Amino acid sequence: MSTNAGMNISSQGKCELMQFSQLSSLPANVSDRLRTLCRLRTHKSNERVMVVGERSSSIGLVADGMLRMEKTALDGRHHIVGLLVEGDIFGRVFGGPAEYAIEAATDATVVYFPRAQFESLLSESHELERVVMLNLLNELDRARDWMLIVSSPKIRTRLAGFLMMLCTRFGNIDHILVASGGRLSLNIPITRADLASLLGTRAESISRAFHTLADAGTISIKQPNLIDILDIERLGEEAGEDFLESGPSLTALLRAVRRKAG
């Protein structure tokens, strides 16, 4: 996952790909070829990026913002099944049509590579192949966490699990987790409606769960999408032992938070 705050453009108008941590170790010849292939495109919030069944001609890398992955049930209802954040790669490399739709959850910038040239380079470079494989493993880890989160019958436990996931798996993205002056602030990068869809409930239930956590002294609600975490140990306990054991440890998170807080 990238720790960049957005994609920069060089004076020649090319993508500065090496600011992505997972690409920074690529051999110079591979990174140079990627740089000549990439094209930037901005997507407005709610803009469709990919449709189900599409055989995309490009491979995407999220440079800034967040995308949501959606599936449509047989009854026509849309369900958010995952999120793509800065540094995530999407598009079925050497694969068939897309299994889910992708939309911009926020205003987003995406780096696109022509599929044919990207696949050709992937076949030649074990280092690039490793980057793609690690991206797939990261997706699997997140999918496991989503399953643990939504398996709880309590909405506040699902919400606590999601907030902990933002702190751990998404915490390296600068604008999501901010710690300073001993205070830990969390910017929730999707709307309450998207969060409700992601957690399998209604927006009203999400709002009640936020206020339940606030009344318990676990969080403080500053804005609908901005909270202060007052007691991260209690938030972790609310998320549940299974979730904590599956992801980065609470101890490691607390160390990172203290470093951020300085």
Side-chain angles (χ1 to χ4, degrees), residues 1 5 42-49 62 64-73 75-86 88 100-109 142-143 145-179 183-232 234-240 243 247:
M1 184 176 299
T42 57
H43 296 280
K44 292 295 185 181
S45 179
N46 297 318
E47 182 181 341
R48 182 60 58 91
V49 175
V62 183
D64 187 51
M66 182 172 286
L67 310 180
R68 56 178 177 251
M69 298 178 285
E70 293 186 348
K71 292 281 283 188
T72 302
D75 60 7
R77 290 183 298 170
H78 299 284
H79 298 280
I80 298 176
V81 296
L83 300 172
L84 296 169
V85 298
E86 295 169 20
D88 283 344
Y100 44 78
I102 297 178
E103 291 185 348
T106 65
D107 289 349
T109 304
R142 278 194 224 156
D145 284 349
W146 292 130
M147 291 176 63
L148 288 171
I149 289 170
V150 301
S151 66
S152 172
K154 296 180 180 180
I155 303 303
R156 71 171 184 271
T157 301
R158 298 182 201 175
L159 176 60
F162 174 76
L163 297 177
M164 287 296 296
M165 190 176 187
L166 286 183
C167 290
T168 54
R169 295 205 180 278
F170 297 161
N172 286 335
I173 298 176
D174 292 338
H175 62 272
I176 289 182
L177 185 64
V178 179
R183 184 181 67 181
L184 180 63
S185 297
L186 190 62
N187 293 287
I188 301 167
I190 57 176
T191 66
R192 290 282 179 93
D194 280 350
L195 181 53
S197 177
L198 185 64
L199 299 183
T201 187
R202 298 177 301 171
E204 295 84 354
S205 298
I206 291 294
S207 181
R208 286 195 295 270
F210 269 110
H211 285 284
T212 297
L213 292 175
D215 291 342
T218 306
I219 65 171
S220 174
I221 304 171
K222 300 302 182 182
Q223 299 174 17
N225 289 338
L226 175 64
I227 66 170
D228 285 346
I229 298 178
L230 305 179
D231 191 334
I232 197 166
R234 185 181 295 177
L235 183 65
E237 291 171 358
E238 182 64 56
F243 173 75

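Only a predicted model underlies this, so the values are computations on that prediction, with no experimental measurement involved.
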When rounded to the nearest 0.5 Å, the distance separating CD1 of Ile227 from CD1 of Ile188 is 4.5 Å
- Message: Test your reading of the model: is there a side-chain donor-acceptor pair from Arg158 to the backbone of Ser152, 3.5 Å cut-off?
- Response: yes
Rounded to the nearest 0.5 angstrom, the CE-CD distance for Met69 and Glu103 is 12.5 Å
**Study point:** Any Leu159 side-chain heavy atom under 4.5 Å of Lys154 side chain
**Key:** no
Taken to the nearest 0.5 Å, the spacing of Leu184 CG from Asp228 CG works out to 8.0 Å
Contacts table for residues 215-225: side-chain donor-acceptor under 3.5 angstrom, sequence neighbours left out:
none

Sorted by chain and number, sequence neighbours left out, side chain to side chain donor-acceptor pair (under 3.5 Å) with Thr157 holds for Glu238
Taking every heavy atom of Ile149 against every heavy atom of Phe162, the minimum-distance pair comes out as CD1-N, 3.8 Å
The side chain to side chain donor-acceptor pair (under 3.5 Å) partners of Arg234 (sequence neighbours excluded) come to none
Closest non-hydrogen atoms of Cys167 and Leu177, given as atom of the first, atom of the second and distance, are O-CD2, 3.8 Å
Those residues at least two apart in sequence (or on a different chain) that pass side chain to side chain donor-acceptor pair (under 3.5 Å) with Asp107 are none
_Phe170/Leu186 under side-chain contact (heavy atoms from CB on, under 4.5 Å): CA gap, chis, key distance, verdict_ = CA-CA 11 Å; Phe170 297 161; Leu186 190 62; over 6 Å; no
Hits for salt bridge (charged side-chain N to carboxylate O under 4.0 Å, His left out) against Arg192, two or more places apart or cross-chain, chain-then-number order -> none
Hey, is the main chain of Gly65 close enough, under 3.5 Å, to the side chain of Thr106 for a donor-acceptor pair?
no
Heavy atoms of Ala105 and Ile190 approach each other most closely as CB-CG2, 4.0 Å
Under 3.5 Å, which donor-acceptor pairs do the side chains of residues 194-204 form with other protein atoms, sequence neighbours left out?
unit_1: Asp194; atom_1: OD2; unit_2: Arg68; atom_2: NH1; d: 2.7
unit_1: Ser197; atom_1: OG; unit_2: Ile80; atom_2: N; d: 3.1
unit_1: Thr201; atom_1: OG1; unit_2: Ser205; atom_2: OG; d: 3.4

Here the pair of heavy atoms bringing Ala104 nearest to Leu67 is CA-CD2, 3.8 Å
- Donor-acceptor pair, side chain of Arg142 and main chain of Met165, under 3.5 angstrom: no
